[in-house]
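Some notes on the structure that comes next.
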There are 2 protein chains.
Amino acid sequence: MIQTTSEENYLKTIFHHTGIGNQSVTTNDIAATLGTKAASVTEMLKKLAAQKLIRYKKYNGVTLTDSGKQQALLIIRKHRLWEYFLVEKLKFSWDEIHEVAEQLEHIQSDALVERLDSFLENPKFDPHGDPIPDKKGIIINTDSQKLIDLSEKKEAIVNLVSDQPELLRHLSKIGISLGSKLKVLEKIPFDNSMLLQINGKSKVQVSADIAKNIRVQI
Amino acid sequence: MIQTTSEENYLKTIFHHTGIGNQSVTTNDIAATLGTKAASVTEMLKKLAAQKLIRYKKYNGVTLTDSGKQQALLIIRKHRLWEYFLVEKLKFSWDEIHEVAEQLEHIQSDALVERLDSFLENPKFDPHGDPIPDKKGIIINTDSQKLIDLSEKKEAIVNLVSDQPELLRHLSKIGISLGSKLKVLEKIPFDNSMLLQINGKSKVQVSADIAKNIRVQI
DNA sequence: TTATAAATTTAGTCAAACCTAAAAAATAAA
DNA sequence: TTTATTTTTTAGGTTTGACTAAATTTATAA
């Protein structure tokens with residue numbers, strides 16, 4: 001499951017274009033960001049698709065799978081933790097650190113990341129003010145809200161879900177995952193449950209207990 | 001003048017075989033250390049020779065040029081500084097750090113190395129007791145040895161002590177300082193502690209933990 | 001001192017990640 | 001709706017650093 005540095009850079013770039021939702025990004029945009037040519041991007045997209053890290057259909061742009069999103073977030077976690085280290089401990093200024101962090105983010109060692117995180121006392125934001133994903137790849141978003149508070153007819157993107165394994169299992173069963181677009185079709189006052197439409201397709205009923213544990217972003 | 005990771009690994013391996021002198025090392029020995037095949041080594045040797053980092057004559061083994069030696073020492077400097085960081089700051093044990101340091105040593109940034117060195121307060125030895133070359137690639141006399149390795153009845157001069165302030169305070173309290181002449185009167189197998197005579201006068205008992213952190217020269 | 005063995009180099013392949021040029025598909029304009 | 005333009009993909013190359021197999025050189029032993 002370990003990516004090459006190049007594969008990691010592609011994942012990161014795709015994530016930066018598509019964000020936490022399931023938006024797509026074009027071959028040319030990826031090439032422009034990475035400073036490579038479109039032809040090279042196409043080749044790499046095939047490799048990433050074969051590993052089920054992205055969804056790729058010819059001439060159609062790409063989106064990250066849950067697995068790809070997870071990988072990207074963990075690389076971003078490393079990048080931002082190292083940036084924090086460089087500024088807070090080594091006294092670099094915030095504008096000198098990017099290039100070095102680009103290298104450090106590719107060091108492969110789970111133990112290293114976790115110990116670095118502890119050593120730095122679990123910072124939540126990097127020196128540029130961007131949030132640092134936690135070890136599960138969950139990223140704070142201050143303008144997120146609980147699904148239960150979303151009003152009827154409104155749409156939002158699933159941002160954070162609590163890390164209870166049972167809840168996660170249930171959600172994946174009914175087709176909700178990080179980045180899903182939810183529309184509130186109806187709120188049932190009797191039990192505060194909600195009728196939702198997922199990604200403009202399937203409809204599903206969720207209890208208030210569940211809706212309290214999902215955070216979404218408009 | 002920047003080397004690839006692979007070139008850096010070859011330089012480092014050659015240095016570890018040839019040392020600070022101008023000894024030579026064979027193709028096969030390099031291959032064995034790196035886990036590659038002799039044919040691959042031959043190819044790389046040509047590249048390094050073209051950069052004047054090694055002296056290479058077919059079928060004749062290689063030696064490092066001054067420039068190659070310098071490069072190798074700076075890589076070793078990085079490796080050992082990162083090892084020190086991993087143990088002293090991130091609390092890894094000394095036997096878990098090698099693999100990660102192998103990756104970190106290839107990060108390219110002069111500023112990073114110098115700031116890391118300052119942050120660590122310019123350590124002179126890594127957690128395995130090996131000396132850390134300074135920024136010019138100058139390495140402390142490698143034929144100094146750890147006091148703990150000195151055998152009974154032998155005498156030696158204190159060369160360097162680790163820079164832990166507490167240790168330094170303790171040593172000055174019992175009368176050991178840079179340049180003191182120590183004679184090993186007795187080694188106690190039970191706890192590896194040592195009974196020493198200092199400058200032919202006072203006797204003192206030091207624990208194994210202390211004896212590991214003092215370097216002496218015969 | 002010749003025959004055998006070991007070490008080293010050469011020659012030819014391969015995979016990864018890039019490239020250019022040409023073909024194909026999708027999009028925009030006439 | 002055809003034509004033109006842009007985007008994307010395919011096809012064929014290049015470089016780096018590895019490989020195997022065969023050839024060459026050096027070292028060892030009978």
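Naming: A, B, ... by sequence-line order, numbering from 1 per chain. Scope of the values below: all heavy atoms of this structure, side chains included, with no hydrogens, waters or symmetry mates.
Note on A:N28: a side-chain N or O is less than 4.0 Å away from OP1 or OP2 of D:dT8.
Summarising the geometry, atom CG belonging to A:L34 is positioned 7.5 Å from atom OG belonging to A:S6; distances are rounded to the nearest 0.5 Å. Atom OG1 of A:T4 sits about 7.5 Å away from atom NZ of A:K47, to the nearest 0.5 Å. Atoms CG and CZ, on A:L104 and A:F85 in that order, are 8.5 Å from each other to the nearest 0.5 Å.
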Hey, what are the protein-to-nucleotides 9-13 of chain D N/O distances that come in under 3.5 Å?
residue : atom : partner : partner atom : Å
D:dT9   : OP1  : A:Y56   : OH           : 2.5
D:dT9   : OP1  : A:Y59   : N            : 2.9
D:dT9   : OP2  : A:T27   : OG1          : 3.0
D:dT9   : OP2  : A:T42   : OG1          : 2.8
D:dT9   : O4'  : A:Y59   : OH           : 3.4
D:dT10  : OP1  : A:K58   : NZ           : 2.6
D:dT10  : OP2  : A:K46   : NZ           : 2.7

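Side chains of B:L182 and B:E155 form no contact here, defined as non-hydrogen atoms less than 4.5 Å apart. Side-chain contact between A:L45 and A:I30: present, with at least one pair of heavy atoms (C-beta onward) separated by less than 4.5 Å. Side-chain contact between B:T65 and B:R55 is present, with at least one heavy-atom pair separated by less than 4.5 Å. By the 4.5 Å heavy-atom criterion applied to side chains, A:V62 and A:K57 are not counted as neighbours.
Shown for residues 3-14 of chain A: no residue has heavy atoms falling under 4.0 angstrom of DNA chain D.
By the side chain to side chain donor-acceptor pair (under 3.5 Å) test, B:K78 pairs with no residue at all, sequence neighbours left out.
Of all nucleotides in DNA chain C having an atom under 4.0 Å from a heavy atom of chain A, the first and last in 5' to 3' order are C:dA16 to C:dA26.
Legend: ring pair (Phe, Tyr, Trp, His ring centres under 6.0 Å) pairs involving residues 21-80 of chain B, not counting sequence neighbours, sorted by first then second residue: B:H79-B:H98. For the side chain to side chain donor-acceptor pair (under 3.5 Å) condition, the pairs that include at least one residue of residues 106-117 of chain A, sequence neighbours left out, are A:E8-A:H106, A:N9-A:H106, A:R77-A:E114, A:R77-A:D117, A:D117-A:N122.
Computed from coordinates, the B:K37 NZ to D:dA21 C1' distance equals 12 Å when rounded to whole Å. Following rounding to the nearest Å, B:L48 (CG) and D:dT16 (C1') show an atom-to-atom distance of 13 Å.
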